[in-house]
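I have placed the structure first, in the form of structure tokens, so that the comments after it can refer back to it.
Along the sequence shown, the residues carry numbers beginning at 1.
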Amino acid sequence: QVQLVESGGGLVQAGGSLRLSCAASRSIFSINAMEWYRQAPGKQRELVARILGGGSTDYADSVKGRFTISRDNAKNTVYLQMNSLKPEDTAIYYCLADIPPRTWGQGTQVTVSS
């Protein structure tokens, strides 16, 4: 099973930016869908962004125009650039290799202050 490690979270003010990284322990070349989810306290985990091997992307309506997902297969890494952050973006962000058995990272905390 591939191991995923997220990094880049932290505390930022509203309107600020962060870039999250998801480093995989092996090649992600053959993993079509790599995704970012987030989970706030008391809420269900929700899909934030998805990127496919061919480069196509999908975003939750709440982050469209503000977040950008990308992948560097040569570096076995997926990124999430987050701009114009809002307090409601506060959550633990998780990376997912969306191929059975579905592998999650440990998560990285993002806190946006008002």
Side-chain angles (χ1 to χ4, degrees):
Q1 184 176 351
V2 64
Q3 293 177 313
L4 304 176
V5 179
E6 300 96 332
S7 62
L11 174 63
V12 298
Q13 292 183 317
S17 298
L18 285 173
R19 188 182 72 168
L20 307 183
S21 297
C22 171
S25 62
R26 67 163 177 83
S27 175
I28 61 170
F29 181 80
S30 63
I31 303 176
N32 185 33
M34 296 294 298
E35 301 167 356
W36 285 97
Y37 280 71
R38 67 186 181 188
Q39 187 167 29
K43 296 184 178 180
Q44 293 188 343
R45 192 171 298 186
E46 64 173 341
L47 177 65
V48 175
R50 172 187 292 119
I51 185 166
L52 304 184
S56 63
T57 58
D58 293 287
Y59 299 93
D61 288 342
S62 59
V63 307
K64 285 182 179 178
R66 300 188 298 121
F67 290 10
T68 302
I69 188 171
S70 61
R71 64 192 290 169
D72 187 338
N73 289 342
K75 295 182 178 180
N76 299 332
T77 302
V78 180
Y79 304 96
L80 185 67
Q81 178 67 46
M82 305 185 296
N83 299 326
S84 301
L85 283 163
K86 305 174 181 180
E88 49 263 47
D89 295 319
T90 295
I92 301 175
Y93 284 71
Y94 298 90
C95 183
L96 172 68
D98 201 356
I99 186 172
R102 307 228 302 173
T103 301
W104 298 91
Q106 85 291 341
T108 185
Q109 177 71 49
V110 172
T111 303
V112 184
S113 65
S114 59

**Q.** Criterion side-chain contact (heavy atoms from CB on, under 4.5 Å) against R38, the qualifying member of V63, V110, L80, L47
**A.**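 Only match with R38 under side-chain contact (heavy atoms from CB on, under 4.5 Å): V63.
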How long is the span from the [atom1] atom in [X] to the [atom2] atom in [Y], to the nearest 0.5 Å?
X: E35; Y: R102; atom1: CD; atom2: CZ; value: 7.0 Å
X: M82; Y: R19; atom1: CE; atom2: CZ; value: 11.5 Å
X: Q1; Y: Q3; atom1: CD; atom2: CD; value: 8.0 Å
X: I51; Y: T57; atom1: CD1; atom2: OG1; value: 6.5 Å
X: S21; Y: L4; atom1: OG; atom2: CG; value: 12.5 Å
X: L20; Y: Q81; atom1: CG; atom2: CD; value: 8.5 Å

Side-chain contact test, heavy atoms from C-beta onward, threshold under 4.5 Å: evaluate it for [X] versus [Y] and give yes or no.
X: I69; Y: R50; result: no
X: Q109; Y: T90; result: yes
X: M34; Y: N73; result: no

Q. Any donor-acceptor pair under 3.5 Å linking the side chain of N76 with the backbone of A23?
A.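 Looks like no, no N/O pair under 3.5 Å.
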Q. Is there a donor-acceptor pair closer than 3.5 Å between any side-chain N or O of T103 and the backbone N or O of A97?
A.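 No.
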Are [Y] and [X] co-members of a hydrophobic cluster defined by side-chain heavy atoms under 4.5 Å apart?
X: V5; Y: I31; result: no
X: V48; Y: L18; result: yes
X: W36; Y: V12; result: yes
X: I99; Y: I28; result: yes

Q | Residues in salt bridge (charged side-chain N to carboxylate O under 4.0 Å, His left out) contact with E6, at least two apart in sequence or another chain | A |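 E6 satisfies salt bridge (charged side-chain N to carboxylate O under 4.0 Å, His left out) with no residue once adjacent residues are dropped.
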Q: Applying salt bridge (charged side-chain N to carboxylate O under 4.0 Å, His left out), name anything that partners R71, two or more places apart in sequence or on another chain.
A: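 Not a single residue meets the salt bridge (charged side-chain N to carboxylate O under 4.0 Å, His left out) criterion with R71.
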Q: Using a strict 4.0 Å threshold on nitrogen-to-oxygen distance, state whether D89 and K86 make a salt bridge.
A: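 A salt bridge is absent here (no side-chain N lies under 4.0 Å from a carboxylate O).
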Q: Show the numbers, then the answer: is there a side chain to side chain contact (heavy atoms under 4.5 Å, CB included) between R45 and W104?
A: CA-CA 12 Å; R45 192 171 298 186; W104 298 91; 3.3 Å; yes
Please give me the minimum heavy-atom distance between [X] and [Y], naming the atom from each residue.
X: L52; Y: A33; answer: CD2-CB, 3.7 Å
X: S17; Y: S84; answer: OG-N, 4.3 Å
X: P87; Y: S114; answer: CG-CB, 3.9 Å

Q: Kindly indicate, with the supporting measurements, whether the criterion side chain to side chain contact (heavy atoms under 4.5 Å, CB included) is fulfilled by Y94 and L96.
A: CA-CA 7 Å; Y94 298 90; L96 172 68; over 6 Å; no
Q: May I ask you to decide if the ring planes of F67 and Y93 are parallel, tilted or perpendicular, using 30° and 60° as cut-offs?
A: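 It falls in the tilted class, 30° to 60°.
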